[in-house]
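All of these numbers come straight from a predicted model, not from anything done at the bench. The sequence lines fix the lettering, A, B, ..., with proteins before strands; numbering per chain opens at 1.
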Amino acid sequence: FKKGFAFPDWAYKPESSPGSRQIQLWHFILELLQKEEYQGVIAWQGDYGEFVIKDPDEVARLWGIRKCKPHMNYDKLSRALRYYYNKRILHKTKGKRFTYKFNFSKVVLVNYPILDMANCPFFLTQNHFNGGSAAPDCSPEVRRVWWGDRKRD
DNA sequence: CCCGGAAGGA
DNA sequence: TCCTTCCGGG
């Protein structure tokens, strides 16, 4: 990455880092959001970065399978999502049931390398809502505008 | 449903 | 540290 592009440290956790050993919930959410077969379960809806959990029980079940937590449910999963509020990874869309919104100015898609940006969920969202308009280039300026150039807290 | 404190696991 | 579990309260 170019300098002046202050991505948060937690986005750079190496594989060996204990914190990144296990899949993180927001990675998993993004993963589901990216796959068409889960659009009946969870999908982008509304504003950019906003998504709706259409089938909370199913999302919880899937998450439980991934984490080997057979007793996972939406109550517990949503608690984990609430911990993202302070981290500014997510926030709640108030008044809209099961609806949350990614804070893309903070979230860096670690699982989606810079070269794979055309497939990143944010651009998919853009395409989805803009009738398939071409994704913008990956210049630092574009990224600054779209993702923010926020420095570390 | 949604919120956040508290405790605890790996 | 990132949830998982449980829960009283709004």
Side-chain angles (χ1 to χ4, degrees), chain A residues 1-126 128-129 138 140 143-144 146-153:
Chain A
F1 297 110
K2 295 204 145 184
K3 64 161 188 159
F5 229 44
F7 289 104
D9 282 356
W10 54 263
Y12 283 116
K13 280 178 195 163
E15 283 305 312
S16 55
S17 168
S20 67
R21 246 182 55 95
Q22 286 233 55
I23 175 115
Q24 279 174 240
L25 179 54
W26 64 276
H27 294 347
F28 179 75
I29 297 288
L30 244 24
E31 199 177 298
L32 293 184
L33 248 11
Q34 216 185 17
K35 298 180 179 178
E36 280 183 27
E37 60 257 48
Y38 295 109
Q39 279 194 1
V41 172
I42 186 172
W44 298 111
Q45 202 168 100
D47 205 358
Y48 299 142
E50 202 172 284
F51 64 93
V52 182
I53 298 173
K54 296 178 178 175
D55 189 341
D57 293 337
E58 182 61 7
V59 172
R61 195 184 67 84
L62 262 20
W63 176 235
I65 290 168
R66 181 64 72 88
K67 286 290 289 290
C68 300
K69 294 288 177 183
H71 302 299
M72 181 52 59
N73 57 32
Y74 181 68
D75 180 56
K76 294 169 188 171
L77 186 148
S78 61
R79 181 69 189 94
L81 292 179
R82 266 174 251 132
Y83 273 121
Y84 287 148
Y85 299 168
N86 283 339
K87 296 180 183 175
R88 308 201 61 236
I89 292 172
L90 279 186
H91 64 262
K92 189 74 182 68
T93 302
K94 287 166 189 171
K96 289 185 182 177
R97 215 169 166 229
F98 306 124
T99 304
Y100 301 81
K101 188 176 174 181
F102 275 101
N103 181 6
F104 280 117
S105 66
K106 176 83 174 183
V107 170
V108 175
L109 307 172
V110 247
N111 283 353
Y112 305 89
I114 213 81
L115 293 175
D116 195 38
M117 265 193 193
N119 291 320
C120 108
F122 184 46
F123 291 136
L124 287 179
T125 304
Q126 283 288 320
H128 190 263
F129 286 97
C138 300
R143 277 179 278 149
R144 191 188 64 75
W146 286 42
W147 284 345
D149 190 17
R150 202 172 293 252
K151 293 204 162 65
R152 286 218 59 224
D153 306 9

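In this structure, CZ of A:Arg79 is placed 16 Å from P of B:dG8, rounded to the nearest angstrom. The interatomic distance linking A:His91 (NE2) with B:dC2 (P) rounds to 14 Å, in whole Å. In this structure, CG of A:Asp55 is placed 16 Å from C1' of B:dC1, rounded to the nearest angstrom. Atom CG in A:Asn73 sits about 16 Å away from atom P in C:dC3, given to the nearest Å. Atom CH2 of A:Trp63 is separated from atom P of C:dC2 by 12 Å (rounded to the nearest Å). Per the geometry, CG belonging to A:Leu90 stands 13 Å off P belonging to B:dC2, to the nearest Å. As rounded to whole Å, 12 Å separates atom P of B:dC3 from atom CZ of A:Phe98. If you measure from atom OH of A:Tyr100 to atom C1' of B:dC3, you get 10 Å, rounded to the nearest angstrom.
The closest side-chain heavy-atom distance from A:Ile89 to A:Tyr83 is not below 4.5 Å. The shortest side-chain heavy-atom distance between A:Glu50 and A:Lys96 falls under the 4.5 Å cut-off.
Under the 3.5 Å distance criterion, the side-chain polar atoms of A:Asn103 are left unmatched by any main-chain donor or acceptor of A:Leu90. In this structure, A:Lys76 contributes its side chain and A:His71 its backbone to a donor-acceptor pair below 3.5 Å.
Side-chain N/O atoms of A:Tyr84 include one lying less than 4.0 angstrom from OP1 or OP2 on C:dC3. A:Tyr85 has no side-chain polar atom (N or O) that falls below the 4.0 Å cut-off from OP1 or OP2 of B:dG4. In this model, the phosphate group of C:dC2 is not approached by any side-chain N or O of A:Trp26 to a distance below 4.0 Å at OP1 or OP2. For the OP1/OP2 pair of C:dC3 and a distance below 4.0 Å, the side-chain nitrogens and oxygens of A:Gln22 include no atom meeting the criterion. Using a 4.0 Å cut-off, some side-chain N or O of A:Lys76 falls inside it from OP1 or OP2 of C:dT5. Phosphate contact (OP1/OP2 of C:dC2, side-chain N/O of A:Lys87, threshold under 4.0 Å): present.
The A:Met72 side chain lies nearest to C:dT5 when the options are C:dT5, C:dC7, C:dC3. Side-chain proximity of A:Lys69 to the nucleotides B:dC2, C:dT5, C:dC2 is greatest for C:dT5. Listed nucleotides: B:dC1, C:dT5, C:dC3. Nearest to the side chain of A:Lys67: C:dC3. The side chain of A:Tyr83 has C:dC3 as its nearest neighbour among C:dC3, C:dC6, B:dC3.
Counting non-hydrogen atoms under 4.0 angstrom, A:Leu77 reaches nothing in the nucleic acid. Within 4.0 Å (heavy atoms only), A:Lys94 reaches no atom of the nucleic acid at all. Within 4.0 Å (heavy atoms only), A:Arg82 reaches at least one base atom of the nucleic acid. Within 4.0 Å of A:Phe28, counting heavy atoms only, lies no atom of the nucleic acid at all.
Proximity of the aromatic rings of A:Phe51 and A:Phe102 is defined here by a centroid distance below 6.0 angstrom, and this criterion is met.
Shown here is A:Glu36, whose CD atom has no more than 12 heavy atoms of other residues, nucleotides or ligands within 6.0 Å.
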